[in-house]
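We're numbering straight along the sequence, starting at 1.
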Amino acid sequence: MDTQTIKTAQKSTKATERISGSEAIVRCLIEEGVDIIYGYPGGAIMPVYDELYKYQDKIHHVLTRHEQGATHSAQGYARISGKVGVAMATSGPGATNLITGIADAQIDSTPMVCITGQVPSHLLGSDAFQETDIVGISTPVTKWNCQVTRAEDIPVAIAKAFYIAKSGRPGPVLVDITKDAQFNEFDFSYEKCTKVRSYNPVPKTDITKVEAAAQLINNAKKPLIVWGQGVILSEAEQQLKAVVEKGGIPAAWTILGASAIPTSHPLNVGMVGMHGNYAPNMLTNECDVLIAIGMRFDDRVTGSLNTYAKQAKVIHFEIDPAEIDKNVKTDVAVLGDAKTSLDMLLPILDKKEHKDWHQQFKDLYAIEYDKVIKDDIHPTKEGLTMGEVLKEINSQTKGEAAIVTDVGQHQMVACRYADFNVSKSNITSGGLGTMGFGLPAAIGAKMAAPEREVVSISGDGGYQMTIQELGTIFQQKAAVKVVVLNNDFLGMVRQWQQLFFDKRYASTEMVNPNFVAIAEGYYIKAKKVTKREELADAVAEMIASKEAYFLEVCVEKEDNVFPMIPSGASVSDIRLE
């Protein structure tokens, strides 16, 4: 949708009450069911904060230590709850500090509403103190945005923002509100938005397309499902499981799709992509029908498009028409909500087993286990590996914890070796790959689901990008379990330098601080593990803690994550060493 200045669409028939624009903002949020806001105050948003002070019994404001932390916390909240996350900041640098989190939410389809203060309308365009054109800056990375300069336009703007953020393929929305609009009074009433002209968030599913897909699947000898986060966003986990089981179809996942089907399910054949499992990557180029559900054929999944699944008929179940044929040419495109589409597919799907096809996955898994997995989770080397740390956490959480990661080697290891037995359990930055995502996102996840164990897993590099959010954990008493896998390197970059740049480790070795002392400085209990015999007891102590806990685990400096598909190579060129 185009950026625009909101104008009141119609007069409400509801009873009105004369209040300020700033109070209206808070009342609108309450009407939308918002219970937590992550943000940072400043001059241009101060009137709203003054009103939040009066509504503390209805909305809990979380003071993060940086505005980027506010957006990532809102993302974590949204990803585990399925609700819209809300972040707030002042104008200028406050607003621009939101951009990384907004861009992350956009590419990962996370519903989020960001509210920013702006200089008074008569100063717009004058380069006033802390003025930036945040609408212009955020346009490429928001699903929709707008600027409000009149108090009476606030309810319509916010109602529209929430509707757009959560409908169809979700995404981030930004509403920029001038300071005079916050101060001015008007006759307030609120009506939720249920429709926007020219915006069709959920295309109607065409039964003839579903029937065409069913025919291809029923005739397939080697079908393969690759599912993504669209399954989780549409709450289609049970429908996917039913389709997989009835059709006897091997099913693999993208990192954002992880946990829609439990890791232990016999038809779950693992992760696709650059550091995914050997079997689903290799057999992508041997299947005769490839069924993509709620995924976008990202380059990290496909590798070289020139060689990707060229032998297969491709079926794409997708809510966003822009994703159809964008990267991979489809034979049958089923537009619509995944839950609806799979419900329509299930009755016309033949019951199959495909035993010989399944055996191929098992045979390739055995190769991967022997060459990679065994040494990752049962190492014979002296130093600790990231894989064995993940397996120990799995063992003590029974695969029911929500795992929140930063980006890098630890992220790939977490995705590969964590057991995801509950949906919405893998919260990570997929498309943007944002270092620093993990710690603040874990705060949001824990506050949205306090009954769940939430474990933040970071490398020593990404952790230090948002380390200040330990202050938010302490102030909010959020019982997040923070694990740093410390190899004294920017590990993923170092791996590429080792494999493709003749071990020229340019600017990737880290000289790290005393992480335990820093955590203790924030009054968080902390421990450091350097030996294998210390690991199990330390993890047990961490999981048993009713409060936040920090655990640093020193791992091998030059361990690499395999399998690996070199950038731009075919999925068939996946390397095991």
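For Glu353 and Lys355, the salt-bridge test passes: some basic side-chain N is under 4.0 Å from an acidic carboxylate O. Taking the charged nitrogens against the carboxylate oxygens, Lys241 and Glu237 have no contact shorter than 4.0 Å, which rules out a salt bridge. A salt bridge is absent between Asp343 and Lys339; no separation between the charged side-chain nitrogens and carboxylate oxygens falls under 4.0 Å. Comment: Lys326 engages Glu323 in a salt bridge, judged by a side-chain N to carboxylate O separation of less than 4.0 angstrom. With respect to the salt-bridge test (charged N to carboxylate O, under 4.0 angstrom), the residues Asp320 and Arg169 qualify. A salt bridge does not link Arg296 with Glu318: every distance from a Lys NZ or Arg NE/NH1/NH2 to an Asp or Glu carboxylate oxygen is 4.0 Å or more.
We find the CD1-NZ distance between Ile473 and Lys446 to be 11.5 Å, quoted to the nearest 0.5 Å. Here CH2 of Trp357 is found 11.5 Å from CD1 of Ile249. Values are rounded to the nearest 0.5 Å. Rounding to the nearest 0.5 angstrom, the gap separating the CG atom in Leu390 from the OG atom in Ser395 is 12.0 Å.
Side chains of Val407 and Met492 form no contact here, defined as non-hydrogen atoms less than 4.5 Å apart. Taking 4.5 Å as the limit, some side-chain heavy atom of Val289 sits within range of a side-chain heavy atom of Ile291. Side-chain contact check for Ser234 versus Ile319: every heavy-atom pair is 4.5 Å or farther apart. The side-chain heavy atoms of Asp298 and Thr254, taken from C-beta on, include no pair separated by under 4.5 Å. Contact of the Lys391 side chain with the Asn394 side chain is registered, since non-hydrogen atoms from C-beta on lie closer than 4.5 Å. The side-chain heavy atoms of Tyr463 and Val482, taken from C-beta on, include a pair separated by under 4.5 Å.
The only member of Asn421, Leu267, Val244 that meets side-chain contact (heavy atoms from CB on, under 4.5 Å) when paired with Ile261 is Val244.
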*asked:* The test is side chain to side chain contact (heavy atoms under 4.5 Å, CB included); show your working for Ile293 and Ile225 and say whether it passes.
replied: CA-CA 7 Å; Ile293 306 174; Ile225 286 175; 3.9 Å; yes
_Go through it in stages, so that I can follow the logic: the residues are Ile37 and Val62, the test is side chain to side chain contact (heavy atoms under 4.5 Å, CB included), and I'd like the CA-CA distance, side-chain angles, deciding distance and then a yes or no._
CA-CA 6 Å; Ile37 298 173; Val62 176; over 6 Å; no
_For Thr110 and Asp108: C-alpha separation, side-chain torsions, deciding distance, then whether side-chain hydrogen bond (donor to acceptor under 3.5 Å, both in side chains) applies._
CA-CA 6 Å; Thr110 303; Asp108 281 355; 5.6 Å; no
_Could you go through Met112 and Ile102, starting from their C-alpha distance and side-chain angles, then the distance that decides it, and tell me whether this counts as side chain to side chain contact (heavy atoms under 4.5 Å, CB included)?_
CA-CA 8 Å; Met112 181 167 67; Ile102 293 172; 4.1 Å; yes
_Verdict with supporting geometry, Thr405 and Ile403, side chain to side chain contact (heavy atoms under 4.5 Å, CB included)_ = CA-CA 6 Å; Thr405 72; Ile403 304 296; 3.9 Å; yes
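In terms of heavy-atom proximity, Gly303 sits nearest to Val571 at N-CG1, 4.4 Å. The two atoms that bring Leu535 and Val389 nearest to each other are CD2-CA, 4.1 Å, heavy atoms only. The nearest pair of heavy atoms linking Ala161 to Val175 is CB-CG2, 3.7 Å. The shortest non-hydrogen separation linking Glu469 to Pro440 is CG-CB, 4.1 Å. Heavy atoms only, all atoms of each residue included: Ile232 and Leu256 are closest at CD1-O, 3.7 Å. Heavy-atom minimum distance, Ala445 versus Val404: CB-CG2, 4.4 Å.
More than 12 heavy atoms of other residues, nucleotides or ligands sit less than 6.0 Å from atom CD of Gln359. Other residues, nucleotides and ligands place more than 12 heavy atoms under 6.0 Å from the NZ atom of Lys166. Crowding of Lys310 atom NZ: a count of heavy atoms from other residues, nucleotides or ligands under 6.0 Å exceeding 12. The 12-atom threshold is exceeded at CD of Gln311, counting heavy atoms of other residues, nucleotides or ligands nearer than 6.0 Å. The number of heavy-atom neighbours closer than 6.0 Å to NZ of Lys352, taken from other residues, nucleotides and ligands shown, is above 12.
At a cut-off of 3.5 Å, with distance as the only test, a side-chain donor of Asn277 or Glu368 sits close to an acceptor on the other residue. Residues Gln495 and Gln409 bring a donor and an acceptor atom of their side chains to less than 3.5 Å of each other. At a cut-off of 3.5 Å, with distance as the only test, no side-chain donor of Asp376 or Thr385 sits close to an acceptor on the other residue. No hydrogens or angles considered: nothing links the side chains of Arg494 and Asn487 as a donor-acceptor pair under 3.5 Å. Counted by atom type alone, Thr340 and Thr205 present zero donor-acceptor pairs between their side chains at under 3.5 Å. The closest side-chain donor-acceptor pair between Lys83 and Tyr77 falls under 3.5 angstrom. Between the side chains of Glu392 and Gln396, at least one donor N or O sits under 3.5 Å from an acceptor N or O. Side-chain atoms of Asp419 and Thr263 include no donor-acceptor pair closer than 3.5 Å. In this structure, a donor-acceptor pair under 3.5 Å is absent between the side chains of Gln360 and Asp356. Checked by atom type, the side-chain pair Gln411/Thr428 shows a donor-acceptor distance below 3.5 Å. With no hydrogens or angles considered, no side-chain donor-acceptor pair links Asn426 and Ser259 at under 3.5 Å. Checked by atom type, the side-chain pair Ser167/Tyr199 shows a donor-acceptor distance below 3.5 Å.
His358 and Phe361 have tilted rings, their planes meeting at an angle from 30° to 60° on a 0 to 90° scale. Ring planes of Trp227 and Trp253: tilted class, angle from 30 to 60°. Ring-plane geometry between Trp496 and Phe500 is classed as perpendicular, the angle between the planes exceeding 60 degrees on a 0 to 90 degree scale with a lower cut at 30.
Without hydrogens or angle criteria, Lys222 side chain to Asp288 main chain gives no donor-acceptor distance under 3.5 Å.
His275 has its ring centre no less than 6.0 Å from the ring centre of Phe562.
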